[in-house]
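Here is the structure we will look at.
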Amino acid sequence: MKHLLIALLSILPAFTFAADKAKHVDAEGAAKLIAEGKVTIVDVRTKEEFSEGHLKDAKNIDIMEPSFEAELAKLDKTQPVLVHCQAGGRSTRALPTFEKLGFTHIIHLDGGFGGWVEAGKAVVK
């Protein structure tokens with residue numbers, strides 16, 4: 001049973017990425033999109049995490065808050081949206097909500113904020 005669980009967990013990330021409709025980018029790809037100025041950046045981490053450092057111009061909408069979906073619904077669904085969390089787990093879980101609300105161009109920052117920092121990209125504190 002333990003081996004089956006490990007096997008299932010090992011394919012879960014691949015399944016999750018295959019199932020969503022988002023485009024996936026690394027820190028370099030995200031930096032290029034941000035430089036173009038055509039994406040809304042949504043950071044789904046907690047307010048505490050956000051205050052410790054975040055991407056410039058990011059909107060903090062905490063996935064753990066009950067108002068998460070209502071706050072997302074206030075954004076322009078026709079504009080490209082770059083979504084991230086710390087490592088990618090919470091933002092991956094958020095993707096179906098973006099889809100449900102009708103966002104037409106969803107971009108996921110694979111590796112999250114941690115990958116952004118690791119790549120040496122600028123952070124606002």
Side-chain angles (χ1 to χ4, degrees):
M1 184 67 162
K2 181 179 174 183
H3 296 293
L4 176 61
L5 181 58
I6 291 169
L8 287 173
L9 289 175
S10 70
I11 65 166
L12 183 60
F15 172 76
T16 302
F17 290 137
D20 66 57
K21 296 175 184 169
K23 175 182 177 181
H24 293 266
V25 297
D26 61 8
E28 291 298 325
K32 288 178 187 172
L33 292 169
I34 293 167
E36 293 171 2
K38 297 179 182 177
V39 295
T40 300
I41 306 165
V42 178
D43 184 329
V44 301
R45 299 177 301 153
T46 65
K47 287 181 174 101
E48 293 77 21
E49 289 174 295
F50 187 82
S51 69
E52 292 172 4
H54 57 272
L55 279 65
K56 184 179 181 216
D57 298 325
K59 297 180 185 316
N60 183 216
I61 305 176
D62 184 349
I63 190 173
M64 304 308 281
E65 290 293 324
S67 61
F68 177 68
E69 190 170 328
E71 292 300 314
L72 280 186
K74 295 176 184 178
L75 300 177
D76 184 347
K77 294 164 191 63
T78 64
Q79 290 296 313
V81 62
L82 173 68
V83 61
H84 75 88
C85 63
Q86 183 62 36
R90 288 174 285 179
S91 52
T92 297
R93 285 196 323 265
L95 295 177
T97 304
F98 282 89
E99 292 173 15
K100 172 184 163 187
L101 292 173
F103 284 84
T104 57
H105 191 180
I106 308 162
I107 306 155
H108 184 265
L109 173 54
D110 292 345
F113 183 74
W116 179 266
V117 170
E118 196 172 289
K121 301 300 178 192
V123 172
V124 175
K125 293 190 178 187

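As a basis for the values below, the full set of heavy atoms in this structure was taken, side chains included, without hydrogen atoms, waters or symmetry mates.
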Closest non-hydrogen atom pair, A27 against G115: CB-O, 4.0 Å
Can you name the residues that form a side-chain hydrogen bond (donor to acceptor under 3.5 Å, both in side chains) with E69, not counting sequence neighbours? K100
Connected to V117, directly or through other members, by ILVMFWY side-chain contacts below 4.5 Å are V25, L33, I34, V39, I41, L55, L82, I107, L109, F113, W116, V123
Say you draw a straight line from CZ of R90 to CG of L95; how long is it, rounded to the nearest 0.5 Å? 13.5 Å
OG1/T40 to NZ/K59 distance, rounded to the nearest 0.5 angstrom? 6.0 Å
Please report the closest heavy-atom contact between R93 and P96, naming both atoms and the distance. O-CD, 3.3 Å
Only pairs at least two apart or in different chains count here, so list each ring pair (Phe, Tyr, Trp, His ring centres under 6.0 Å) that has a residue in residues 32-55. F50-H54
Sequence neighbours excluded, which residues qualify as side-chain hydrogen bond (donor to acceptor under 3.5 Å, both in side chains) partners of K47? none
For the student: nearest non-hydrogen atoms of G88 and S91, plus distance: O-OG, 3.4 Å
Determine the sole option in T92, I63, L72 for which the side chain to side chain contact (heavy atoms under 4.5 Å, CB included) test with V44 is passed. I63
Apply the hydrophobic cluster definition, ILVMFWY joined by side-chain contacts under 4.5 Å directly or through others, and give me every member besides V124. none
State whether the side chain of D110 and the backbone N or O of D26 hold a donor-acceptor pair below 3.5 Å, judged by distance alone. no
State which residues pass side-chain hydrogen bond (donor to acceptor under 3.5 Å, both in side chains) with E52; sequence neighbours excluded, sorted by chain then number. none
With A87 via side-chain contact (heavy atoms from CB on, under 4.5 Å) - residues at least two apart: none
If the condition is salt bridge (charged side-chain N to carboxylate O under 4.0 Å, His left out), which residues does K121 pass it with, not counting sequence neighbours? E28
Output every pair passing ring pair (Phe, Tyr, Trp, His ring centres under 6.0 Å) with a member in residues 60-89, not counting sequence neighbours, ordered by first then second residue. none
Donor-acceptor contacts, no H, no angles, side chain residues 74-81, under 3.5 Å, sequence neighbours left out:
from	atom 1	to	atom 2	distance (Å)
K74	NZ	E71	OE2	3.0
D76	OD1	T78	N	2.9
D76	OD1	T78	OG1	2.6
D76	OD2	T78	OG1	3.4
K77	NZ	A73	O	2.7

Test side-chain contact (heavy atoms from CB on, under 4.5 Å) applied to E65 - qualifying residues, sequence neighbours left out: D62, S67
